[in-house]
Amino acid sequence: MDLLQGTLDLLVLRAVELAPMHGVGIADRIQQVTRGAFVVKPGSLFPALRRLEQKGWLEGEWAPSENNRRARYYKLTRAGRAQLAEEKRKWYRMTSAMNWMLESE
Amino acid sequence: MFRRLTHLFEYLFRRRRLEDDLDEELRSSFDMVADRFAASGMPAAEARRAARLEFAGLEQVKENVRDGLVGSGLQAFLQDTRYALRGLGRRPSFTAIALTTLALGIGVNTAVFSVFYGVMLQPLPYRHPEQLALIWSSFRTAGHARAPVSGAILGEIERRNRSLAGVAGIWTITRTFTGDNPEQVKCARVTANFFDVLGVHAAPAHQGRTFAKEDSGGPAIMLTDGFFRRRFAGDDRLIGKGLAMDWENTLVGILPPDFQLHFAPDSNVPADVQVFDTFDHDVYKNRENYYIRLVARLKPGVTMAEAQSDLDRVAKEIGGAYTEYATENLRFTLAGMQADAVRDVQPALAALFSGSAFVLLICCVNVVSLLLARASDRRREIALRLSLGASRGRIVGQLLAEGGVLCLLGGAAGIAVGWACFRGLLAIRPERLARMADGGLNGPVLAFAAACSLAAALLFGLVPAIDSFRLDYMAILRSGGRGLPGRLHRRAGAALIVGEITLAFVLVTGAALTARTLLKIEHVRPGFEPRHLLAFQISNGIPGGSVADWETELAALPSVELVGATSHLPLDTDIPNWYSPYRPEGVGEHEAATLVADLRCITPGYLAAMGAHLLEGRYFDAHDRAGARQVIIVDESLARTTWPGQSAIGKKMFAEHVTAHGFVPMLSVVVGVVEHLYSHSLTKQVRGQIYLPFEQSKRSPLTFVLRTRVDPLSLAPTVRRMLHDRSRTAAMAKVRPMTEYVSREISPVSFTAVLATIFGALALLLAATGVYGVFNYQVSQRRPEMGIRMALGARSRDVLGMILREVGTLAGAGVLIGAGAALVAARWLGTLLYGVRPFDPLSYGLALLILPAAALLGGWRPAGRAAAANPAELIREE
């Protein structure tokens with residue numbers, strides 16, 4: 001399924017909400033949790049990560065990965081957490097609006 | 001914001017590290033993915049290939065990341081700028097022409113704006129000048145919408161208003177400093193709160209103070225810094241002491257060096273007052289004399305409109321409380337102090353400012369046409385880059401960068417040109433625009449120049465960019481990048497030429513109209529003959545004899561032909577005008593209520609010395625002395641309106657005389673009629689004039705006029721010595737040839753005319769070069785067409801004619817539109833014109849002839865080039 005415009009940020013932020021994660025981990029998690037509906041390619045994932053980091057919502061840090069490679073782990077900042085809450089709210093508002101429209105008689 | 005800035009900083013300066021970071025992250029992620037494939041049982045090489053597929057070209061990923069980062073735009077911008085600089089360097093003649101044109105346009109505008117800023121916009125040097133306002137009164141018998149007020153009214157306004165933080169009054173007189181080197185000075189009488197209202201403090205360097213309430217009517221005086229330094233060498237020990245003067249005084253303080261009065265010329269408060277003293281405390285009781293000019297400070301937060309309606313209420317209340325105003329319809333008008341001070345020069349400056357903006361527009365049009373020509377030369381390059389995958393945004397960025405670099409350089413050169421022009425303007429600055437000296441290259445002026453350049457840069461970048469958007473690059477590449485500019489570019493070029501000629505037409509007619517105005521004003525007869533006339537002023541009477549004695553002594557000088565004196569010299573705005581009601585005999589008080597005339601006391605020889613023509617009757621003579629029958633001379637306009645179709649001689653009227661009891665209306669007989677002496681301006685008869693014999697109505701100071709056979713100023717030392725011989729303490733002031741008063745009136749007009757002429761000439765030159773540029777390019781693009789035409793039998797003459805006809809058509813269209821625009825603009829110019837109608841056929845005829853001529857001149861060489869070409873070669877080029 002194609003990603004809706006603007007939803008990638010929400011997906012990434014949500015993926016790292018519980019624990020810091022590296023890029024590949026984030027892509028995996030999005031794919032798993034959405035049961036394979038969204039596959040995020042590196043070509044869009046890494047630009048998104050850097051962009052979110054620049055906006056101050058993520059913070060990158062080098063740490064050893066589970067199989068002992070050096071990996072860049074991304075952690076949600078305070079601003080990121082606030083942003084995630086905001087994006088969630090927006091998303092719910094939009095989906096319910098969409099639902100009302102689609103389910104109307 | 002801050003975070004973004006740090007990221008920008010990191011991006012620009014630690015770019016290497018960021019790139020390394022990114023490399024490592026991508027590599028490790030790649031490895032992780034490869035690991036995962038390997039773990040699922042793939043052979044190592046296979047796993048890496050699968051991972052590579054996943055990452056779809058690492059370089060591409062990196063590129064994507066970079067594009068998304070803050071600062072990458074800046075990086076691209078720097079690159080574009082370098083590229084633009086290289087591009088400009090490669091085409092030196094294009095660059096030189098574009099830069100010169102821009103520098104000229106921006107320079108002229110910067111210079112004119114610095115004049116405009118210095119005079120019109122720069123805040124007056126007082127505290128919160130925007131709260132300062134003048135109050136003018138008008139009432140039925142004032143004969144003037146901007147009349148001063150009496151002391152009583154000042155008091156009433158002070159008491160009754162609710163919107164003003166303070167009201168102060170000022171009036172100017174003359175005083176004389178006695179002592180070894182006697183000197184007559186301008187002295188302003190002010191209310192004690194005057195400097196508090198302006199928010200001016202005494203110069204702290206001299207330990208003095210400004211006036212306090214108790215100083216009213218006392219001996220306290222203040223001096224301006226310049227005068228104190230010049231006459232008293234800035235000696236601080238004088239503060240608190242009395243100075244040698246025709247007036248008992250105590251010096252209490254010195255004004256700061258930058259202090260100056262800023263009033264409109266018609267308020268008769270000169271800028272170069274040197275001494276200040278205070279009104280008597282009973283000034284507030286005076287109900288008869290209207291001579292006090294008012295300055296008020298609005299309470300903080302009060303708007304002009306609120307204060308005006310407050311004053312409307314005050315005027316109504318006064319009308320009710322004072323019987324003399326019951327039927328006078330007394331009103332007060334509040335005018336912002338700065339706006340009021342520059343009211344008379346505002347139209348001229350606004351016109352000049354718009355004229356210079358037109359010049360800049362024409363310059364921009366020229367550069368745009370150059371850029372368009374270049375852009376179509378570059379179509380092939382742009383098309384190639386588009387087809388190779390460059391984004392349109394990136395290409396527009398590059399075109400903008402080129403425009404930007406051009407304007408940055410042009411703006412810098414323009415500021416230099418502007419500074420030079422401004423120095424030139426300072427040299428011919430009229431006295432009325434003295435404040436322009438404070439203009440120069442200050443912040444606002446530089447900001448203005450920068451804004452001009454920026455606007456031009458956007459224009460220059462956008463026009464070629466829009467052109468490139470409409471590009472069908474495949475078609476261009478197929479055609480070899482030639483030949484296609486065709487219709488679109490020709491239409492754009494034509495529009496530019498028509499626009500340019502329209503603008504130039506407006507400027508040329510404007511220049512012709514103002515130049516003709518100047519010629520008319522220079523030849524206007526002001527009612528007197530200013531050449532060979534020396535004027536000087538003496539206050540407090542003539543020491544050791546009568547005025548008549550003194551005149552006899554002067555008349556005995558070998559090079560003096562005629563001598564006379566007046567209380568009010570024409571065109572001398574320093575002395576407050578004297579105007580009063582008059583009533584012809586047989587006219588009822590009520591009907592005469594609005595009759596007001598300018599009054600002047602004169603000695604018998606004055607009118608003859610001035611060279612004023614006597615139209616009827618006689619001049620005053622020695623028999624018209626105190627105690628004799630009261631006589632007057634009136635000017636032609638008053639005689640004509642009062643006794644139409646009749647001789648004025650022998651008619652009687654009540655006119656105000658100066659007596660021991662003040663100003664008193666007395667029945668007087670008209671003995672002469674003279675032509676009108678233009679007193680307030682060279683172009684307007686403001687009021688009728690009534691002359692009184694000095695011996696029957698004495699006023700001081702007197703201004704003497706000598707009609708001389710030699711250069712008037714050469715007599716000045718002799719006259720000074722004669723006065724000095726009579727008294728060592730008497731002084732004369734303003735020893736000037738009468739021509740100086742006249743040229744001071746003319747100088748704002750000639751300033752405008754000189755600038756307008758420069759604008760007109762520039763516009764012509766630019767229009768000619770603009771036509772040349774556009775046609776030169778078009779001819780080079782249309783060579784194949786010419787070749788084919790000539791191969792089919794057209795002669796060079798036909799080709800020449802064809803191109804020139806095209807030029808002529810465009811010029812004709814431009815001139816037509818321009819004539820319409822000029823007619824609109826001229827109506828607006830109306831108040832600046834004198835002696836020429838706004839639709840002066842001569843000015844329009846000149847523009848009608850000269851502009852097409854300039855256009856044809858510009859088109860001549862390109863046309864010649866097209867006509868001289870060899871058809872065989874032209875076609876072969878294809």
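Worth saying up front: this structure is predicted, and the values here are computed from it rather than measured. Here is the naming used below: chain letters follow the sequence lines, and residue numbers restart at 1 for every chain.
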Engineer: With a sphere of 6.0 Å drawn around CZ of Arg91(B), does it hold more than 12 non-hydrogen atoms of other residues, nucleotides or ligands?
Structural biologist: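 Yes, enclosed.
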Engineer: Take Arg72(A) and Glu24(B) through the side chain to side chain contact (heavy atoms under 4.5 Å, CB included) test and state the conclusion after the steps.
Structural biologist: CA-CA 9 Å; Arg72(A) 205 153 191 270; Glu24(B) 190 175 349; over 6 Å; no
Engineer: Does Arg90(B) have any side-chain hydrogen bond (donor to acceptor under 3.5 Å, both in side chains) partners at least two apart in sequence or in another chain, and if so, which?
Structural biologist: none
Engineer: Would you mind listing every salt bridge (Lys or Arg N to Asp or Glu O under 4.0 Å) that reaches into residues 35-48 of chain B, with sequence neighbours excluded?
Structural biologist: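 Of all non-adjacent pairs touching residues 35-48 of chain B, those that pass salt bridge (Lys or Arg N to Asp or Glu O under 4.0 Å) are Asp28(A)-Arg36(B), Arg69(A)-Asp35(B), Asp31(B)-Arg48(B).
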Engineer: Does atom CD of Glu61(A) have more than 12 heavy-atom neighbours, drawn from other residues, nucleotides or ligands, at distances under 6.0 Å?
Structural biologist: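 No, the 6.0 Å shell around CD holds no more than 12 heavy atoms from other groups.
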Engineer: If we only count heavy atoms from C-beta on, is the Phe46(A) to Ser29(B) side-chain gap below 4.5 Å?
Structural biologist: yes
Engineer: Run the side chain to side chain contact (heavy atoms under 4.5 Å, CB included) test on Glu25(B) and Arg50(A) for me, step by step, so that the C-alpha distance in whole Å, both residues' side-chain angles and the decisive distance to 0.1 Å come before the verdict.
Structural biologist: CA-CA 11 Å; Glu25(B) 181 179 13; Arg50(A) 290 294 167 125; 2.9 Å; yes
Engineer: Indicate the atoms forming the closest heavy-atom contact of Met32(B) with Ala71(A), along with that distance.
Structural biologist: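 For Met32(B) and Ala71(A), the tightest heavy-atom pair comes out as CE-CB, 3.6 Å.
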